[in-house]
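Heavy-atom basis, side chains included; hydrogens, waters and symmetry copies ignored. In what follows, chains are A, B, ... by sequence order, proteins preceding strands, each numbered from 1. Quantities reported herein were computed from a predicted structural model and do not represent experimental measurements.
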There are 2 protein chains.
Amino acid sequence: MQGVETFLESKSIRVTAMRILIYNFLSDKDVAVTLSDIENAFDKADRTTLYRTIKTFEDKEIVHQIDDGTGVTKYALCEPNCHCDLETDLHLHFHCTECGATICLTDHKIPKIKVPKGFVAEHVNLVVKGTCDKCNCD
Amino acid sequence: MQGVETFLESKSIRVTAMRILIYNFLSDKDVAVTLSDIENAFDKADRTTLYRTIKTFEDKEIVHQIDDGTGVTKYALCEPNCHCDLETDLHLHFHCTECGATICLTDHKIPKIKVPKGFVAEHVNLVVKGTCDKCNCD
DNA sequence: TATATCCATGCAATGGAAGTGCATTAATCG
DNA sequence: CGATTAATGCACTTCCATTGCATGGATATA
């Protein structure tokens, strides 16, 4: 994929084979993944490399972190032109307690939240737990 | 406090010195606490005891768990008559990124969240991050 | 081209938090 | 008081996140 390389460059991320692989892995998934998921997909690579690659992606705002309450951090690609802004970019996440999948509901923006006087909101984390469409078919 | 003992009994929790102390510790706080916080407050007690006491309190629905995204679980007393129900009891939590405090905004109930067709919502975790009233005074 | 520099990678190790098994002590009930 | 049941304490384990250091590859510079 020529596209990925130029995309990474446009985000001032140095292009390496590993990074392209990880990016493609993430973009193939429609659910958020853990570090272990990536680890299992790339046996040959070291855990630290994967970890730092994800951190780099995060810094450059092409990946966002999700805390779905399971205790392990999950990651997913951001939408194009995402800056993880409170007003425009934040979407809610759905965690299925049956299959364990965590899904970005990117078209479900987070409603405006009122906070008490004196408080300043900068970020919102909204996770809905329940059962997903696939699990409800059974 | 005679009141605490009868309260615990009413929840069918066996009354011990430790449990009274922990309950009072929690009710003195207006912020959610971590297990380590409790540990530091009670040097003499073993971590496991504190851990299991909190779990007991959770089971009996007098304490709720909060995942504010810091990676460590926090705990706070429930409101009276709370059953941690989706519709009536769930409130939002505010996490201050400056002082690290996590606060229950019990009068801020969680707005009704729409999820896509096929999905069933059972629980919602809503954490707003930013700076709290105390930190904004500086 | 040679060399210096910067950064990605890999290995090893650490630290923190959650959780479990088992033995001991304390509380309740008959 | 004696027996049963539950609470406490200790030791350990596991899992995940994170960091330090050494190495190797890519890039820029002379």
Using a 4.0 Å cut-off on protein heavy atoms (strictly under), produce a 5'-to-3' string for nucleotides 8-15 of chain C with B for base contact, S for backbone-only sugar-phosphate contact, and - for none.
SBBBB---

Closer than 4.0 Å, any side-chain N/O of [X] to the OP1 or OP2 of [N]?
X       : N      : answer
B/Thr73 : C/dA17 : no
A/Tyr51 : D/dA17 : no
A/Lys55 : D/dT18 : yes

Restricting to salt bridge (charged side-chain N to carboxylate O under 4.0 Å, His left out), what partner residues turn up for B/Lys129, sequence neighbours left out?
none

Ring centroids only, cut at 6.0 angstrom: are A/Tyr23 and A/Phe7 within range, meaning strictly under it?
yes

Once you apply a heavy-atom cut-off of 4.0 Å, does B/Ser36 come out as touching a base, just sugar-phosphate, or nothing?
sugar-phosphate

Please set out all donor-acceptor pairs under 3.5 angstrom arising from side-chain atoms of residues 76-84 of chain A, sequence neighbours excluded.
unit_1	atom_1	unit_2	atom_2	d
A/His83	ND1	A/Glu61	OE1	3.2

Hey, mind stepping through B/Leu126 and B/His108 against side-chain contact (heavy atoms from CB on, under 4.5 Å) and telling me if it holds?
CA-CA 11 Å; B/Leu126 177 50; B/His108 287 64; over 6 Å; no

Given atom CZ of B/Arg47 and atom C1' of C/dA18, what is their separation to the nearest angstrom?
7 Å

How far apart are the closest heavy atoms of A/Leu92 and B/Lys114, and which atoms are they?
CD2-O, 4.5 Å

Decide whether B/Phe94 and A/Val127 are clustered together by the hydrophobic rule: side chain heavy atoms of Ile, Leu, Val, Met, Phe, Trp, Tyr closer than 4.5 Å, transitively.
no

